[in-house]
Amino acid sequence: MITEFTEQEQIRRNSLSELINLGINPYPAELFEVDATSKEILEKFPTDNSLYQSVNIAGRIMSRRIMGNASFAEIQDETGRIQLYFNRDEVCKEEDKTLYNIVFKKLLDIGDIIGVNGYVFFTKMGEITIHVKGFKLLCKSLRPLPIVKEKEGVIYDAFADPEQRYRQRYVDLIVNSHVKDIFIKRTKLVNSMRAYLNEKGYLEVETPILQPLYGGAAARPFKTHHNALDTTLYLRIANELYLKRLIVGGFDGVYEFSKDFRNEGMDRFHNPEFTQMELYVAYKDYEWMMNLVEEMVEKIAIAVQGATEIKVGDNIINFKRPWKRFTMFEAIAHYTGIDISKMDEKEIFATAQKLNVEVDETMGKGKLIDEIFGETCESKLIQPTFITDYPVEMSPLAKKHRSKEGMVERFEAICNGKEICNAFSELNDPIDQRKRFESQLELGKRGDPEAMMLDEDFLRAIEFGMPPTAGLGIGIDRLAMIMTNAHSIQEVLFFPQMRPEKKAIISNDSEFTDAGIPQEWIVPVKKAGFLTLAELKKANPNKLFNDLCGLRKKLKLEIPAPTLEMIKSWIE
RNA sequence: GAUUAUGUAGCUCAGCUGGUAGAGCAUUGCCCUUUUAAGGCAGGGGUCCUGGGUUCGAGUCCCAGCAUGAUCACCA
């Protein structure tokens with residue numbers, strides 16, 4: 001047998017055609033009525049053994065133990081796994097035992113999806129099991145699944161290679177049950193956040209993803225082109241400026257779960273596309289917003305994990321209110337013992353060097369403070385902590401602090417050593433805003449690729465007047481990582497961005513036959529490593545001749561051995 | 001981007017100082033029958049990531065590349 005499939009794939013394809021020959025449709029069209037799930041059976045049957053005396057259940061076959069005329073199998077549905085018991089004479093009441101002996105035992109495989117009817121009972125081993133009276137094939141699986149086994153909590157042969165898990169997330173979800181759990185929790189997180197915001201009366205809105213100018217954050221964008229308008233568009237890096245336009249327009253509370261795109265490095269905390277929830281509420285300030293974040297995240301923790309305490313790595317994180325609050329200067333003083341709040345730029349620069357923080361001459365006072373904070377404090381903040389009052393240079397969209405010179409009214413919540421949200425009293429002074437944009441332009445001219453662009457329409461909007469507003473951006477992926485104890489952002493995204501999969505380019509058979517290669521030699525030629533005609537043309541005829549003779553023997557081909565002349569004629 | 005580790009059967013992994021490619025699971029055939037990581041016997045299955053080099057001989061040593069992970073840098 002010569003084939004491009006693996007042996008196991010070929011066996012499954014053979015089973016498929018045998019099923020068809022037996023008159024069994026491997027992909028039937030009609031619905032299969034399901035009236036129970038594995039989870040509810042496992043939960044309810046022990047307390048009432050009269051239940052489930054005729055159930056219909058469907059799922060994927062995950063294991064089989066065949067023993068002559070009796071067999072056990074496990075099927076997996078959306079809620080979990082349950083064992084099935086097949087008995088030859090139960091499944092085949094008549095003389096003809098084909099359905100059990102051939103269809104079940106030989107033609108079905110792990111991975112196939114079946115529907116069964118039967119009654120629930122306890123086996124001698126005490127396991128809740130469905131005694132199958134009839135079954136129906138719903139989908140034949142043509143690829144073998146990795147087999148993951150587990151005993152007493154120990155996983156054997158885990159399907160753990162991150163590349164395969166992320167590229168083939170469907171396989172990951174089938175064989176690694178905890179993975180499904182992460183995504184269910186992620187959705188609970190989003191749902192409870194949305195419910196909280198709706199309950200407060202804020203309006204969920206949608207704003208453009210394709211933007212002629214990108215803004216609202218400091219990041220490099222993805223760039224694209226609109227043909228009809230013949231204009232450059234960017235995928236949004238944030239939606240802040242649009243939501244604030246809506247506040248100008250008279251909505252007092254708007255929010256959006258925003259898929260944002262940033263053209264930057266990728267690692268376990270960064271994916272090129274990620275989700276933020278941004279919220280803007282009129283007539284509020286950042287103090288008020290801090291209280292909202294505390295309350296909202298505490299509620300989410302309870303909704304997702306049922307408790308305010310969550311185990312993340314080696315730490316137990318407690319989201320119970322109130323959270324610790326530090327100004328940035330206080331945090332630095334706390335972790336380094338040095339009070340820099342009264343220092344000038346020179347003194348801060350010297351302090352940074354003393355603390356082994358990497359700094360250079362181009363950094364202004366604000367940047368220096370931020371570097372010191374990032375280096376000495378951030379990773380030590382495990383319990384949720386608000387850091388307030390940031391240097392103005394770092395925050396071109398935040399309002400100047402009501403009492404502290406050089407600072408803005410801004411806070412971040414840090415948790416497990418990472419920023420989870422960023423918020424401020426929004427700058428609504430259009431003249432100040434224009435100046436801040438202009439100084440960003442200066443930074444851009446000096447070569448900062450992340451400097452913000454001047455958004456003339458946004459300025460026009462706030463020149464009409466925006467009420468004092470509190471704004472918040474909260475990273476859904478980061479929060480999901482914490483809430484699900486996930487080590488990387490890739491674990492909380494169904495399909496994280498990966499390098500493109502390398503695809504072998506294979507010439508059509510007709511290209512080979514057109515070049516004079518006989519049909520029966522195409523597979524051996526491909527087996528010998530020449531997948532395209534172009535590669536074959538570069539081959540050494542003597543080596544190919546040897547290889548093909550070897551392959552002829554190995555593959556037990558019943559065709560005459562090739563001649564060297566013949567092979568030379570292919571290559572020329 | 002830097003450093004580093006890994007890449008061997010469908011899956012998980014062994015493979016020593018260089019000498020005929022191995023195990024468990026999966027798969028195929030047979031046996032058994034309320035088993036449970038089922039078991040017993042017998043089989044099949046490999047571009048040892050790719051390309052060069054050293055060598056009589058490379059899965060193993062050297063160089064380059066590709067992929068993935070980790071750490072660091074970048075990402076206010």
Side-chain angles (χ1 to χ4, degrees), chain A residues 1 5-12 14-15 62-74 81 83-88 105-106 109-111 121-127 129 131 143-167 171 175 217-220 237 262-272 274 328 358 363-364 366-371 373-374 378 390-398 410 412 419 422 440 443 448-452 487-488 490 498-502 504 526-531 547 551 554:
Chain A
M1 176 75 60
F5 298 119
T6 65
E7 186 194 26
Q8 291 192 45
E9 286 171 328
Q10 191 55 55
I11 288 165
R12 282 168 184 245
N14 294 346
S15 301
M62 297 306 289
S63 72
R64 290 198 304 168
R65 296 181 283 278
I66 296 176
M67 299 157 291
N69 61 19
S71 297
F72 289 89
E74 277 180 302
R81 291 188 187 188
Q83 181 168 263
L84 306 179
Y85 171 71
F86 289 81
N87 181 291
R88 184 183 64 203
K105 277 170 62 175
K106 305 252 192 255
D109 290 290
I110 288 171
F121 74 110
F122 280 106
T123 63
K124 275 186 194 163
M125 300 297 290
E127 180 160 349
T129 300
H131 187 120
R143 284 178 186 261
L145 282 174
I147 308 296
V148 179
K149 294 196 173 178
E150 185 244 313
K151 189 189 188 184
E152 287 158 7
V154 184
I155 309 272
Y156 298 83
D157 298 333
F159 178 66
D161 176 15
E163 178 175 8
Q164 289 193 71
R165 286 186 50 229
Y166 302 151
R167 285 195 200 279
V171 176
V175 303
R220 276 175 286 171
I237 57 173
R262 296 188 183 175
N263 205 343
E264 289 168 346
M266 290 162 58
D267 58 34
R268 72 189 181 94
F269 291 106
H270 299 86
N271 191 65
F274 65 102
M328 196 172 243
E358 270 188 53
M363 292 178 179
K367 180 82 179 161
L368 289 169
I369 295 168
D370 194 63
E371 284 293 318
F373 173 78
E378 192 165 1
Y390 283 63
V392 63
E393 295 91 329
M394 319 297 301
S395 315
L397 300 167
R410 171 178 174 183
E412 289 189 0
E419 170 194 345
N422 183 12
Q440 286 290 310
L443 287 177
D448 183 346
E450 290 170 352
M452 288 188 193
H487 174 73
S488 71
Q490 286 79 18
M498 306 283 284
R499 276 204 170 72
E501 204 167 353
K502 252 200 309 193
K526 286 183 179 172
K527 268 265 192 226
F530 300 99
L531 295 175
D547 287 351
L551 281 164
K554 190 174 170 192

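Each chain gets a letter, A, B and so on, in the order the sequences are listed, and its residues count up from 1.
- Residue-level contact check: A:Asp267 touches the bases, meaning some heavy atom is under 4.0 Å from a base atom.
- Between A:His487 and B:A70 there is a side-chain polar atom (N or O) within less than 4.0 angstrom of OP1 or OP2.
- Side-chain proximity of A:Asp370 to the nucleotides B:A76, B:U34, B:G10 is greatest for B:A76.
- Taking every heavy atom of both residues into account, A:Met62 and A:Val175 meet most closely at CE-CG1, 4.4 Å.
- Whole-Å rounding puts the A:Ile155 CD1 to B:U12 P distance at 14 Å.
- The P atoms of B:A76 and B:U68 are separated by 24 Å, rounded to the nearest whole Å.
- Nucleotide B:A2: paired with B:U71 (Watson-Crick or G-U wobble, both distances less than 3.5 Å).
- Atom pair A:Glu9:CD and B:A9:P shows a separation of 15 Å (rounding to whole Å applied).
- Qualifying salt bridge (charged side-chain N to carboxylate O under 4.0 Å, His left out) partners for A:Asp370, counting only residues two or more places apart in sequence or in other chains: none.
- If you check every strand for non-hydrogen atoms under 4.0 Å, A:Ala218 touches a base.
- Using a 4.0 Å heavy-atom cutoff across all strands shown, A:Gln83 reaches at least one base atom of the nucleic acid.
- Remark: C1' of B:C11 and CG of A:Asp157 are 6 Å apart, rounded to the nearest angstrom.
- The side chain of A:Arg268 contributes an N or O atom lying less than 4.0 Å from OP1 or OP2 of B:U71.
- One atom, CZ of A:Arg65, and another, C1' of B:A37, lie 9 Å apart when rounded to the nearest Å.
- With sequence neighbours excluded, the residues that form a side-chain contact (heavy atoms from CB on, under 4.5 Å) with A:Asn422 are A:Arg410, A:Glu412, A:Glu419, A:Phe424.
- Here B:U35 presents its P atom at 6 Å from CE of A:Met125, a figure rounded to the nearest Å.
- A search for salt bridge (charged side-chain N to carboxylate O under 4.0 Å, His left out) contacts involving A:Arg88 returns nothing, not counting sequence neighbours.
- Counting any heavy atom pair closer than 4.0 Å across all strands shown, A:Glu127 reaches a base atom.
- Partner assigned to B:U20 is none, using Watson-Crick or G-U wobble distances below 3.5 angstrom.
- Spacing between B:A58 and B:G19 at atom P, rounded to whole Å, works out to 11 Å.
- Separation of the P atoms belonging to B:G10 and B:G53 is 29 Å when rounded to the nearest angstrom.
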query: Along nucleotides 26-31 of chain B, 5' to 3', which nucleotides get a B, which get an S, and which get a -, given that the test is a protein heavy-atom distance under 4.0 Å?
result: BSSSS-
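- When the P atom is used for both B:G44 and B:A23, the distance is 11 Å, rounded to whole Å.
- Going from the P atom of B:G59 to that of B:A26 covers 30 Å, rounded to whole Å.
- For the OP1/OP2 pair of B:U68 and a distance below 4.0 Å, the side-chain nitrogens and oxygens of A:Arg167 include at least one atom meeting the criterion.
- With both ends at atom P, the span from B:A21 to B:G45 equals 14 Å, rounded to whole Å.
- A:Met452 comes within 4.0 angstrom of a base, heavy atoms only.
- Judged as a salt bridge (charged side-chain N to carboxylate O under 4.0 Å, His left out), and not counting sequence neighbours, the contacts of A:Glu371 are A:Lys367.
- Listed nucleotides: B:U34, B:A37, B:U35. Nearest to the side chain of A:Thr129: B:U35.
- At the heavy-atom level, A:Phe373 lies nowhere under 4.0 Å from the strands shown.
- Listed nucleotides B:A67, B:C11, B:U34 differ in distance to A:Glu163; the shortest reach to its side chain belongs to B:A67.
- With sequence neighbours excluded, the residues satisfying side-chain contact (heavy atoms from CB on, under 4.5 Å) with A:His131 are A:Tyr85, A:Glu90, A:Tyr119, A:Phe121.
- Nucleotide B:A38 holds its C1' atom 15 Å from the OH atom of A:Tyr85, rounded to whole Å.
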